[in-house]
Student: 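Below is the structure I would like to discuss, written out as structure tokens.
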Amino acid sequence: MHIGVPKEIKNHEYRVALTPGGVRELVARGHQVGVQAEAGIGSGYPDDAYREAGADIVADVDALWASAELILKVKEPQAEEVARLRPEQTLFTYLHLAAEETLTRGLIDSGATCIAYETVTDGLGGLPLLAPMSRVAGRMAVQAGAHSLEKAQGGAGILLPGVPGVAPAKVTVIGGGVVGENAARMALGLGAEVTILDKSLPRLEVLDHRYQGRIRTVYSTTETLEVAVRESDMIIGAVLVPGAAAPKLITRAMLGEMKPGSVLVDVAIDQGGCFETSKPTTHAEPSYVVDGIVHYCVANMPGAVARTSTQALTNATLPFVIALADKGWKRALADDAHFRAGLNVHAGQVTYTAVGEAFGLEVVSTEQILKG
Ligand SMILES: NC(=O)C1=CN([C@@H]2O[C@H](COP(=O)(O)OP(=O)(O)OC[C@H]3O[C@@H](n4cnc5c(N)ncnc54)[C@H](O)[C@@H]3O)[C@@H](O)[C@H]2O)C=CC1
Ligand SMILES: CC(=O)C(=O)O
Ligand SMILES: [Mg+2]
């Protein structure tokens, strides 16, 4: 199969969808891999490393997209990339469609087969291709939030651990999944006072057991959210309803209850964000202030630590890439119910229920498509 790996073009996105090691695996199986010139440079992989692994380095982006049957990316396709997609092509990348109507309609119009990393499932109830980046983003969220608490960023001027004689900051994490646990761990390690809110009691039980009371766990209700809003110096939004738009848990009115200079870090921004006043930002201008509250809402946080993130992401995606290359999308999905959950759009139709529901679009089941 002809596989194409374009250079990412989203603002300050330095990750790449395949490492030279991944190229080697695919070439050994008889596949042809085209990598756009300098695609790996931001992750520390020069063109020569790909060449040595057996890839063709393609300088012409049009030629790269034109020849590939399978396109591997990291971020959702930007408008100029959507325009390049063709019906015969399979696209495998993060999509986050429920938060992006224009992109959803663009992918429908392209006729391509679009498989999202973030909706592939596993046998343990997890999202194995989202989890590695959630670990990175969760860990980064505290760094980003700590920086945002500095006076020059509009923050209250609070140091997370405090110092002897001065109390540490209060950090609340809403959503105790992969992002939430990683954020809480970092905040705890930096000496903050940490609380996790979640709607899942089994999850709170796991966290309570794991951290032996060093992290407070609280069941999430309107009332407990209101307390968190009043008391916290930093709130990290880390909720997820898989494939669906994030619920808005903190409204604009609630900002008035927060301490001036407090910080909201909305990691869930890639699914639309869980604070009413969140809007996606970029690494170039990551934060802004609304009603005296600093908002950090970067939708591709792991892109900033691309060397770590590319390795973590491709460790998880490579087995699925190999299945797609060896078997083609149809058999790869037919053979694996968890991989099947990744299909979001095929031949002009939405196949993922939460995406169809978000925009009132008809949904055709993947099983039906595989029968056809
Ligand atoms: N901004 C960025 O760069 C990145 C963003 N993300 C995003 O972070 C979000 C979280 O991802 P994960 O931690 O992997 O998901 P996860 O599925 O591991 O955890 C989500 C948690 O939210 C909880 N939850 C759901 N609804 C809730 C509610 N109304 N109130 C309280 N808790 C609720 C769930 O019970 C679950 O424990 C996703 O939107 C993901 O796409 C992930 C990586 C990078
Ligand atoms: C999960 C995601 O969208 C990212 O890592 O950029
Ligand atoms: Mg997006």
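Computed over heavy atoms, backbone and side chain alike; hydrogens, waters and symmetry mates excluded.
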Student: Treating Gln89 as the side-chain partner and Arg86 as the backbone partner, does any N or O pair qualify as donor plus acceptor under 3.5 Å?
Tutor: yes
Student: I'd like to know whether Lys170 forms a side chain to side chain contact (heavy atoms under 4.5 Å, CB included) with Thr195, so could you lay out the CA-CA distance, the side-chain angles of the two residues, the decisive distance to 0.1 Å, and finally the verdict.
Tutor: CA-CA 8 Å; Lys170 290 187 174 158; Thr195 302; over 6 Å; no
Student: For the residue pair Thr317 and Thr314, confirm or rule out a side-chain donor-acceptor distance under 3.5 Å.
Tutor: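 On atom types as modelled, these side chains do not qualify, holding no pair under 3.5 Å.
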Student: Under 3.5 Å, side chain of Thr221 to main-chain N/O of Glu223, donor-acceptor pair present?
Tutor: yes
Student: Determine, using the 4.5 Å side-chain heavy-atom cutoff (strictly less than), whether Val227 and Met258 are members of one ILVMFWY cluster.
Tutor: no
Student: We want to know whether Asn182 and Arg135 form a side-chain donor-acceptor pair, criterion being a heavy-atom distance below 3.5 angstrom.
Tutor: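 Not at all, the side chains of Asn182 and Arg135 share no donor-acceptor pair under 3.5 Å.
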Student: Taking Thr281 for its side chain and Pro286 for its backbone only, find out whether a donor-acceptor pair lies under 3.5 Å.
Tutor: yes
Student: Under a 4.5 Å cut-off applied to non-hydrogen side-chain atoms, are Leu324 and Ile115 in contact?
Tutor: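 They are in contact (side-chain heavy atoms under 4.5 Å apart), so the answer is yes.
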Student: More than 12 heavy atoms of other residues, nucleotides or ligands under 6.0 Å from CD of Gln212: yes or no?
Tutor: yes
Student: If hydrophobic clusters are built by linking Ile, Leu, Val, Met, Phe, Trp and Tyr wherever their side-chain heavy atoms come under 4.5 Å apart, do Val355 and Val364 end up in the same one?
Tutor: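 No, because Val355 and Val364 fall into different hydrophobic clusters, even though each may have its own neighbours under 4.5 Å.
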Student: Find the distance between CD (Glu118) and OG (Ser134) and round it off to the nearest 0.5 Å.
Tutor: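 Nearest 0.5 Å value for the CD-OG distance: 10.0 Å.
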Student: Please indicate whether Glu276 has more than 12 foreign heavy atoms, meaning atoms of other residues, nucleotides or ligands, lying under 6.0 Å from its CD.
Tutor: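 Enclosed: over 12 neighbouring heavy atoms sit under 6.0 Å from CD of Glu276.
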Student: Ignoring hydrogens and angles, tell me if any N or O in the side chain of Arg15 forms a donor-acceptor pair with the backbone of Thr310 under 3.5 Å.
Tutor: no
Student: Determine, step by step, whether Thr102 and Val82 satisfy the side chain to side chain contact (heavy atoms under 4.5 Å, CB included) criterion, reporting the C-alpha distance in whole Å, the side-chain angles of both residues, the deciding distance to 0.1 Å, and the verdict.
Tutor: CA-CA 10 Å; Thr102 309; Val82 175; over 6 Å; no
Student: Would you say Glu81's side chain and Gln78's backbone share a donor-acceptor pair under 3.5 angstrom?
Tutor: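 Yes, the answer is positive, given that a donor and an acceptor are paired below the 3.5 Å cut-off.
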Student: Is the number of heavy atoms from other residues, nucleotides or ligands under 6.0 Å of Arg340 CZ greater than 12?
Tutor: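 It does: Arg340 CZ has more than 12 such atoms within range.
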Student: Have a look at Asn344 and tell me which of Thr113, Thr119, Thr104 forms a side-chain hydrogen bond (donor to acceptor under 3.5 Å, both in side chains) with it.
Tutor: Thr119
Student: Mind running side chain to side chain contact (heavy atoms under 4.5 Å, CB included) on Val265 and Ser148 for me, showing each step along the way?
Tutor: CA-CA 9 Å; Val265 179; Ser148 302; 5.6 Å; no
Student: Using modelled atom types and a 3.5 Å cut-off, is there a donor and acceptor pairing between side-chain atoms of Ser309 and backbone atoms of Ala306?
Tutor: no
Student: Answer yes or no for Arg216 and Tyr211: cation-pi contact, defined as NZ/CZ to six-membered ring centre under 6.0 Å and angle to ring axis within 45°.
Tutor: no
Student: Under 4.0 Å between a Lys/Arg side-chain N and an Asp/Glu carboxylate O for Lys10 and Glu8?
Tutor: no
Student: Test of understanding: with side chain to side chain contact (heavy atoms under 4.5 Å, CB included), list the residues that count as partners of Asp47, not counting sequence neighbours.
Tutor: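 Partners of Asp47 under the side chain to side chain contact (heavy atoms under 4.5 Å, CB included) test: Ala37, Glu38, Arg51, Ile57.
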Student: Which residue pairs pass the ring pair (Phe, Tyr, Trp, His ring centres under 6.0 Å) test with at least one member in residues 321-341, sequence neighbours excluded?
Tutor: Phe92-Phe339, Phe320-Phe339, Trp329-His346
Student: From Glu76 CD over to Lys73 NZ, what is the distance, rounded to the nearest 0.5 angstrom?
Tutor: 7.5 Å
Student: State yes or no: do Tyr117 and Leu333 share one hydrophobic cluster built from I, L, V, M, F, W and Y residues joined by side-chain heavy-atom distances below 4.5 Å, directly or via other members?
Tutor: yes
Student: For Glu88, is the CD atom crowded, meaning more than 12 foreign heavy atoms sit under 6.0 Å from it?
Tutor: yes
Student: How are the rings of His12 and Tyr14 set relative to one another: parallel (under 30°), tilted (30 to 60°) or perpendicular (over 60°)?
Tutor: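 Ring orientation, 0 to 90° scale: perpendicular.
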Student: Taking the side chain as everything from C-beta on, heavy atoms only, tell me whether Gln36 gets closer than 4.5 Å to Tyr50.
Tutor: no
Student: Does any N or O in the side chain of Asp208 come within less than 3.5 Å of the main-chain N or O of Leu204, such that one atom is a donor and the other an acceptor?
Tutor: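 No; judged by distance alone, with no hydrogens or angles, the pair does not exist.
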Student: Measuring only between side-chain heavy atoms, which start at C-beta, is Arg203 closer than 4.5 Å to Glu181?
Tutor: yes
Student: Look at Asp62 together with Arg84 and state whether they make a salt bridge at an N to O cut-off of under 4.0 Å.
Tutor: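 A salt bridge links Asp62 with Arg84.
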Student: Looking at Ala98 and Gln271, what are the two nearest heavy atoms and their distance?
Tutor: CB-NE2, 4.3 Å
Student: Listed by chain and number, what are the side chain to side chain donor-acceptor pair (under 3.5 Å) partners of Thr277, not counting sequence neighbours?
Tutor: His295
Student: So, do Ser220 and Leu225 sit near enough that their side-chain heavy atoms are less than 4.5 Å apart?
Tutor: yes
Student: Any side-chain heavy-atom pair from Val298 and Met140 closer than 4.5 angstrom?
Tutor: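 No, every pair of side-chain atoms sits at 4.5 Å or beyond.
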Student: From Leu343 CG over to Gln349 CD, what is the distance, rounded to the nearest 0.5 angstrom?
Tutor: 10.5 Å
Student: Checking Glu150 side chain against Gly155 main chain: does a donor-acceptor pair fall under 3.5 Å?
Tutor: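 Such a contact is absent between Glu150 side chain and Gly155 backbone.
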Student: Any chance you could lay out the side chain to side chain contact (heavy atoms under 4.5 Å, CB included) test for Val120 and Leu130, step after step, and finish with the verdict?
Tutor: CA-CA 8 Å; Val120 173; Leu130 180 62; over 6 Å; no
Student: Given side chains that start at C-beta, do those of Ile235 and Ile250 come closer than 4.5 Å, heavy atoms only?
Tutor: yes
Student: Kindly say whether Thr93 contributes a backbone atom to a donor-acceptor pair with the side chain of Lys75 at under 3.5 angstrom?
Tutor: no
Student: Has the side chain of Asp198 got a donor or acceptor atom that lies under 3.5 Å from a matching backbone atom of Gly176?
Tutor: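 It does hold such a pair.
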Student: Quickly, which of Ile3, Asp56, Val33 forms a side-chain contact (heavy atoms from CB on, under 4.5 Å) with Val23? Name it, please.
Tutor: Val33
Student: Check whether Val290 and Tyr296 end up in the same hydrophobic cluster, where Ile, Leu, Val, Met, Phe, Trp and Tyr are linked by side-chain heavy atoms less than 4.5 Å apart.
Tutor: no
Student: Return the minimal non-hydrogen interatomic distance between Val173 and Gly180, and the atom names on each side.
Tutor: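 Result for this residue pair: CG1-CA, 3.4 Å.
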Student: Between Arg105 and Glu101, does any side-chain N to carboxylate O distance fall below 4.0 Å?
Tutor: yes
Student: Let me confirm one number: the CD1-SG distance from Ile269 to Cys274, rounded to the nearest 0.5 Å.
Tutor: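 The distance works out to 8.5 Å.
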Student: Any non-hydrogen side-chain atom of Tyr94 less than 4.5 Å from a side-chain atom of Asp270?
Tutor: no
Student: Within the 3.5 Å criterion, strictly below it, is a donor on Glu69 or His2 matched to an acceptor on the partner's side chain?
Tutor: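 There is no such pair (donor and acceptor under 3.5 Å, judged by atom type) between the side chains of Glu69 and His2.
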Student: Can you check whether Met254 reaches Glu226 side chain to side chain, under 4.5 Å on heavy atoms?
Tutor: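 Counting from C-beta outward, Met254 and Glu226 do come under 4.5 Å.
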Student: According to a hydrophobic-cluster definition based on side-chain heavy atoms being under 4.5 Å apart (Ile, Leu, Val, Met, Phe, Trp, Tyr only), do Leu240 and Val178 belong together?
Tutor: no
Student: Do you know which of Ile196, Ile236, Leu197 makes side-chain contact (heavy atoms from CB on, under 4.5 Å) with Thr172?
Tutor: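 It is Leu197; the other options fail the test.
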